[in-house]
Amino acid sequence: MNRQPLLSVIIISHNQKEMLRRCVDSVLAQRTSFPVEIIVSDDRSTDGTREMLQSDYSDKVVISYCNSDEYETHYTFERAGYNRLNGLKAAHGKYIIHIDGDDIFEGDSIFQCQVDVLERNPECSICVQNYKIADYKDIEHGDVALDRFIFKDNPIVSAADFIQLIHYVPNSACCMRRVCLSQSLFVNLNGKTYDDWDITYRYLGYGQVALVDKADFVYIQHPNSFCHKNKSTDWSILAASGLQGIRYVPNLSLPIIKSHYNSIWALAKMAWKRVRVSEELIEYFKNDDMFIFNVFDNKYPLKNWLRINIIILWLIPIRFWGVKNNISWRILYKLAIK
């Protein structure tokens with residue numbers, strides 16, 4: 001590429017040859033007035049993905065390869081995280097968009113829209129669109145996931161308001177200002193902590209959030225994907241890991257606690273029941289400094305079990321009687337996180 005790209009689009013894949021083709025084509029379909037670099041990072045594919053990329057897209061995308069076997073991983077999303085970081089290393093754009101190889105963008109204007117918004121609003125670190133969820137058998141008829149009223153008139157909101165308004169959005173719905181990568185919270189990135197909502201949290205501490213009333217990112221649901229087929233206790237605990245955003249943006253601890261207190265309730269109940277978890281999960285949270293996660297060690301010392309009881313008792317008035325003031329949240333933070 002002769003010109004410095006303004007936007008880097010990072011696509012990851014693993015044995016998704018035909019779906020990846022569909023994803024790359026949806027990215028190439030976007031029309032922009034600025035240079036875009038498309039980086040495809042492939043992790044150990046054995047289905048002809050590499051050959052397809054080299055024969056059909058070598059002049060259109062930057063191709064990079066990753067071997068997540070080189071890292072100590074416990075779950076699929078960690079492998080995906082290392083793959084994203086591999087693609088990120090090759091990125092040169094002022095702005096970053098991540099997408100998985102089995103998802104797509106619709107239309108031809110979302111990149112232009114999001115970058116234009118960030119160019120006009122330097123106080124914003126992220127531009128977020130709404131998104132659609134579609135079944136893998138019928139990707140053309142996805143349903144808009146979030147209330148469109150939230151995005152009406154393309155508002156700019158604080159990071160705290162964003163967390164309260166939108167409990168979850170796939171990171172691929174976000175266009176992010178790359179300068180945030182130079183901040184201290186991005187030092188020592190690893191695959192364990194570079195996945196979806198975790199990525200979004202990392203940017204929230206550095207500016208406001210621009211919302212655009214579009215839903216051109218389509219998240220494709222597959223029945224055999226890790227997050228949909230896995231109904232284990234381990235996954236129930238991992239699903240609450242949005243709370244870990246506190247370590248990336250400690251200045252947003254209270255909004256994160258407020259929006260995830262149901263997760264704390266679920267985790268506390270599981271810990272109170274002394275549910276058994278896998279050794280894999282214990283290893284995953286081995287060095288985690290958040291009490292509500294490292295309590296799951298299958299040993300259940302008495303002091304931990306007593307603390308869990310206190311957390312549950314403190315959550316009862318918050319959940320059922322609406323006692324939700326900053327003092328309540330700060331105490332919950334001390335009990336569940338510190």
Side-chain angles (χ1 to χ4, degrees), residues 8-14 16 19 23 27 39 41 43 66 68 71 73-88 91 95-105 114 125-134 142 145-146 159 162-163 165-178 180-181 185-186 189-205 209 211 215-222 224-230 234-249 252 256 259-260 263 284-285 288 290 293:
S8 297
V9 181
I10 301 167
I11 307 170
I12 63 167
S13 69
H14 171 67
Q16 299 168 314
M19 290 182 286
C23 176
V27 172
I39 301 163
S41 181
D43 180 18
C66 170
S68 63
Y71 305 97
T73 60
H74 307 92
Y75 297 101
T76 303
F77 63 83
E78 291 178 87
R79 289 183 176 272
Y82 282 111
N83 201 5
R84 283 189 199 92
L85 289 176
N86 181 66
L88 184 62
Y95 303 107
I96 299 287
I97 290 177
H98 289 287
I99 184 170
D100 292 357
D102 56 346
D103 297 326
I104 62 168
F105 292 107
Q114 289 182 300
S125 59
I126 311 181
C127 180
V128 181
Q129 61 167 314
N130 206 335
Y131 69 104
K132 295 177 182 175
I133 300 175
L146 300 173
F162 173 78
I163 292 170
L165 284 168
I166 303 175
H167 182 69
Y168 170 79
V169 61
N171 182 251
S172 297
C174 305
C175 180
M176 301 164 289
R177 193 179 296 275
R178 189 169 184 265
C180 298
L181 290 171
L185 290 179
F186 282 85
L189 283 177
N190 61 71
K192 180 177 177 178
T193 57
Y194 202 68
D195 180 68
D196 216 356
W197 192 227
D198 299 329
I199 305 173
T200 306
Y201 270 132
R202 290 177 182 275
Y203 287 85
L204 288 178
V209 182
L211 305 181
D216 287 356
F217 168 63
V218 184
Y219 171 70
I220 311 297
Q221 284 190 328
H222 298 273
N224 293 323
S225 66
F226 179 68
C227 62
H228 288 100
K229 74 177 182 179
N230 198 315
D234 281 19
W235 182 246
S236 297
I237 295 169
L238 289 166
S241 60
L243 277 165
Q244 293 182 317
I246 290 170
R247 75 162 49 87
Y248 314 135
V249 278
L252 295 174
I256 293 173
S259 65
H260 289 82
S263 295
Y284 179 77
F285 285 120
D288 198 289
M290 292 189 179
F293 289 109

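The two residues Cys23 and Gly101 have their closest heavy-atom pair at CB-O, 3.3 Å. A pairwise comparison of heavy atoms in Val218 and Ala134 identifies CG1-CB, 3.8 Å as the closest pair. Shown here for Ser68 and Asp43, the closest heavy-atom pair between the two residues is OG-OD2, 2.7 Å. Here the shortest heavy-atom pairing between Val249 and Tyr201 reads CG1-O, 3.3 Å. Closest of all the heavy-atom pairs between Ile104 and Phe217 is O-CD1, 3.6 Å. For the pair Gln129 and Gln114, the tightest heavy-atom approach, listed with the atom from each and the gap, is N-NE2, 3.8 Å.
Looking only at side-chain heavy atoms (C-beta outward), Ile126 and Thr200 come within less than 4.5 Å of each other. Counting only heavy atoms from C-beta outward, the side chains of Tyr284 and Glu78 approach each other to under 4.5 Å. Between His14 and Thr76, every side-chain heavy-atom pair lies at or beyond the 4.5 Å cut-off.
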Check the pair Tyr71 / Asn190 against side chain to side chain contact (heavy atoms under 4.5 Å, CB included), numbers first and verdict last.
CA-CA 9 Å; Tyr71 305 97; Asn190 61 71; over 6 Å; no
Take Lys192 and Asp288 through the salt bridge (charged side-chain N to carboxylate O under 4.0 Å, His left out) test and state the conclusion after the steps.
CA-CA 12 Å; Lys192 180 177 177 178; Asp288 198 289; 5.8 Å; no
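Of the possible donor and acceptor atoms, none in the side chain of His260 sits under 3.5 Å from a partner among the backbone N and O of Ala240. At least one donor-acceptor pair under 3.5 Å links the side chain of Arg178 to the backbone N or O of Ala91. In this structure, Asp103 contributes its side chain and Tyr219 its backbone to no donor-acceptor pair below 3.5 Å.
Judged as a salt bridge (Lys or Arg N to Asp or Glu O under 4.0 Å), and not counting sequence neighbours, the contacts of Asp195 are Arg84. By the side-chain hydrogen bond (donor to acceptor under 3.5 Å, both in side chains) test, Gln16 pairs with no residue at all, sequence neighbours left out. Evaluation of the ring-ring contact (aromatic ring centres under 6.0 Å, His included) rule for Tyr131 yields no partner, not counting sequence neighbours.
With values rounded to the nearest 0.5 angstrom, Met176 atom CE is found 4.5 Å from Tyr203 atom OH. Rounded to the nearest 0.5 angstrom, Ser13 OG and Ile99 CD1 are separated by 12.0 Å. Distance CD1/Ile166 to CG/Leu146: 5.5 Å, rounded to 0.5 Å. A distance of 9.0 Å separates CG of Asp234 from CZ of Phe285, quoted to the nearest 0.5 Å. Interatomic distance, Asn83 CG to Ile11 CD1, rounded to the nearest 0.5 Å: 11.5 Å. Rounded to the nearest 0.5 angstrom, Thr193 OG1 and Leu85 CG are separated by 7.5 Å.
A donor atom on one side chain and an acceptor atom on the other are found under 3.5 Å apart for Tyr168 and Asp196.
Aromatic ring pairs are classed by plane angle as parallel below 30°, tilted from 30° to 60° and perpendicular above 60°; the pair Tyr75 and Phe77 is parallel.
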